[in-house]
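Worksheet: the structure to be examined is printed underneath.
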Amino acid sequence: VNIFFGVRYNTTTSVANTVYGSVASLIVPLRTGYTPQITKQYAQGNLSEMERVIKISLKHSFIVLSFISIPCFFNAEAIFLFWLGSVPQAAPFVLRCLLIFGIIYNMTGPFITVVQAVGKLKFYSIANGVLSLLLFGLVYAIYHRTRVYEYGFIAMVMGQLLFLSVCLVVTKRNIPQLRILHIFSPIGKLFMVILVNGIMIYFICQYMADNIVQIILSTTASTLVLSILTYTIILDTQERKTIVTVIKARIANILTIFR
């Protein structure tokens with residue numbers, strides 16, 4: 001970026017990465033918690049159980065990421081105004097690209113774990129290296145020809161999507177029994193839930209000023225709608241029972257304190 005634009009966009013890149021880093025850090029412990037289970041199930045030859053763990057990992061991390069990312073995505077301008085007092089040039093666009101990148105990267109994680117557990121890394125390493133070089137060359141060519149700062153982040157998102165495809169191909173090549181479409185089945189429903197929620201948040205943000213009230217109202221509405229839709233559409237019966245049990249236990253503990 002500095003080669004083509006100097007220091008003009010340093011603030012933009014820095015603040016957008018700071019917000020994205022805060023969002024991404026919240027999902028790391030959840031994703032990391034599933035990694036040993038995936039490796040363990042593969043080592044024991046329990047491929048069906050490994051598939052189930054991957055599916056649950058994707059679903060749960062995607063749900064948590066949605067609760068955080070959607071308000072940030074639609075309130076990008078308001079967040080920067082509240083935090084900095086002004087909106088750095090192109091910062092909202094960059095933040096939105098990084099959030100999309102983060103969602104795709106989150107889907108890639110479990111399959112990287114599978115590839116590493118299998119241990120056949122030659123094809124994966126070559127493909128990953130070639131893809132990284134091609135992406136670097138593409139971004140350089142785009143900046144050299146267009147001088148449009150935002151295009152580099154679009155290319156980064158597309159590159160991560162290609163990297164996800166490589167991971168899926170390598171995983172399927174190493175473990176043909178793994179049902180990739182079955183693993184991703186909850187993600188399709190989640191995208192529909194995100195779409196419905198996103199439309200609602202978009203209209204809230206359209207008719208409000210970019211301020212703290214918009215952030216609070218849209219985040220509250222997003223959390224409420226996502227909670228209802230996720231509970232009724234995404235979670236299975238056992239997960240619903242677990243949530244109800246946990247909520248009842250927490251309420252009982254609170255009531256005990258006030259007795």
Side-chain angles (χ1 to χ4, degrees), residues 20 23-35 37-39 41-42 47-74 96-117 124 131 154 156-202 222-240 242-243:
Y20 167 70
V23 172
S25 64
L26 296 174
I27 200 68
V28 171
L30 178 62
R31 190 174 65 238
T32 303
Y34 285 105
T35 299
Q37 297 183 46
I38 295 173
T39 305
Q41 296 306 325
Y42 176 78
L47 296 184
S48 59
E49 181 62 18
M50 184 186 72
E51 181 180 289
R52 188 186 72 84
V53 174
I54 295 172
K55 183 178 179 181
I56 293 173
S57 170
L58 279 176
K59 180 168 69 172
H60 289 177
S61 58
F62 206 103
I63 289 170
V64 174
L65 196 57
S66 299
F67 275 94
I68 307 166
S69 296
I70 292 176
C72 290
F73 188 93
F74 288 99
R96 290 176 179 124
C97 285
L98 290 175
L99 290 172
I100 295 172
F101 171 89
I103 290 173
I104 301 171
Y105 177 79
N106 178 67
M107 291 190 287
T108 309
F111 297 100
I112 295 176
T113 302
V114 173
V115 172
Q116 292 172 342
Y124 167 78
L131 188 59
I154 296 175
M156 185 180 72
V157 171
M158 299 305 297
Q160 185 59 36
L161 194 59
L162 287 173
F163 182 59
L164 171 61
S165 302
V166 168
C167 289
L168 294 178
V169 169
V170 173
T171 300
K172 188 65 176 177
R173 179 180 176 181
N174 291 338
I175 311 176
Q177 307 95 309
L178 209 62
R179 298 174 297 171
I180 301 296
L181 291 179
H182 176 71
I183 291 173
F184 276 96
S185 57
I187 303 301
K189 293 180 181 179
L190 273 166
F191 272 123
M192 294 304 298
V193 168
I194 289 172
L195 179 63
V196 171
N197 186 64
I199 292 172
M200 180 197 68
I201 301 303
Y202 171 78
S222 175
T223 301
L224 181 62
V225 171
L226 269 178
S227 298
I228 295 172
L229 293 179
T230 299
Y231 183 84
T232 56
I233 297 175
I234 306 301
L235 300 181
D236 58 34
T237 304
Q238 184 58 46
E239 288 169 330
R240 292 188 200 124
T242 302
I243 288 176

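Position 1 is the first residue of the sequence, and the numbers go up from there.
- Put simply, OG1 on T230 and CZ on F67 are 4.5 Å apart, with the number rounded to the nearest 0.5 Å.
- Under a cut-off of 6.0 angstrom, the local environment of OH in Y105 is sparse, with at most 12 non-hydrogen atoms contributed by other residues, nucleotides or ligands.
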Quick one: do Y124 and I112 satisfy side-chain contact (heavy atoms from CB on, under 4.5 Å)? Show the steps, please.
CA-CA 9 Å; Y124 167 78; I112 295 176; 3.9 Å; yes

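- In this structure, I104 CD1 and L161 CG are separated by 5.0 Å, a value rounded to the nearest 0.5 Å.
- Looking only at side-chain heavy atoms (C-beta outward), I63 and L235 come within less than 4.5 Å of each other.
- The side-chain heavy atoms of T223 and S227, taken from C-beta on, include a pair separated by under 4.5 Å.
- In this structure, E51 and Q177 have side chains that are not in contact, with every pair of non-hydrogen atoms separated by 4.5 Å or more.
- Here CD1 of I103 is found 12.0 Å from OG1 of T108. Values are rounded to the nearest 0.5 Å.
- Of the possible polar contacts, none joining the S69 side chain to the S66 backbone as a donor-acceptor pair under 3.5 Å is found.
- Closest heavy-atom contact between N197 and S222: ND2-OG, 2.9 Å.
- No donor-acceptor pair closer than 3.5 Å links the side chain of K55 to the backbone N or O of F184.
- For the side chain to side chain contact (heavy atoms under 4.5 Å, CB included) with V196, the lone residue among I201, L226, L229 that qualifies is L229.
- For the atom pair CD1 of I56 and OG of S61, the computed distance is 11.5 Å after rounding to the nearest 0.5 Å.
- The residue from V170, V169, V166, I180 that alone fulfils the side chain to side chain contact (heavy atoms under 4.5 Å, CB included) condition with F111 is I180.
- At a threshold of 4.5 Å between non-hydrogen side-chain atoms, the residues Q160 and I100 do not count as touching.
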One pair to check against side-chain contact (heavy atoms from CB on, under 4.5 Å): L99 and L65. What are the steps and the verdict?
CA-CA 9 Å; L99 290 172; L65 196 57; over 6 Å; no

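- Here the shortest heavy-atom pairing between I38 and P110 reads CD1-CB, 4.1 Å.
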Check step by step if side-chain contact (heavy atoms from CB on, under 4.5 Å) holds for Q41 and R52.
CA-CA 10 Å; Q41 296 306 325; R52 188 186 72 84; over 6 Å; no

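- Taking 4.5 Å as the limit, every side-chain heavy atom of F74 sits out of range of all side-chain heavy atoms of R96.
- Across all non-hydrogen atoms, the minimal contact from L47 to L178 is O-CD1, 4.4 Å.
- Side-chain atoms of Y42 and N174, non-hydrogen and from C-beta on, never get closer than 4.5 Å to each other.
- Of the inter-residue distances, the one linking R240 atom CZ with T242 atom OG1 reads 11.5 Å to the nearest 0.5 angstrom.
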Test side-chain contact (heavy atoms from CB on, under 4.5 Å) applied to T39 and M50, step by step:
CA-CA 8 Å; T39 305; M50 184 186 72; over 6 Å; no

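- Residue P176 comes nearest to K172 through the heavy atom pair O-NZ, 2.8 Å, listed as atom of the first residue, atom of the second, then distance.
- The CE atom of M192 lies 10.0 Å from the CD1 atom of I234; values are rounded to the nearest 0.5 Å.
- Residues L58 and P186 form no side-chain contact, since every pair of their non-hydrogen atoms from C-beta on lies 4.5 Å or further apart.
- More than 12 heavy atoms of other residues, nucleotides or ligands lie within 6.0 Å of CG in L195, so this atom counts as buried by the packing criterion.
- No more than 12 heavy atoms of other residues, nucleotides or ligands lie within 6.0 Å of CZ in R173, so this atom counts as exposed by the packing criterion.
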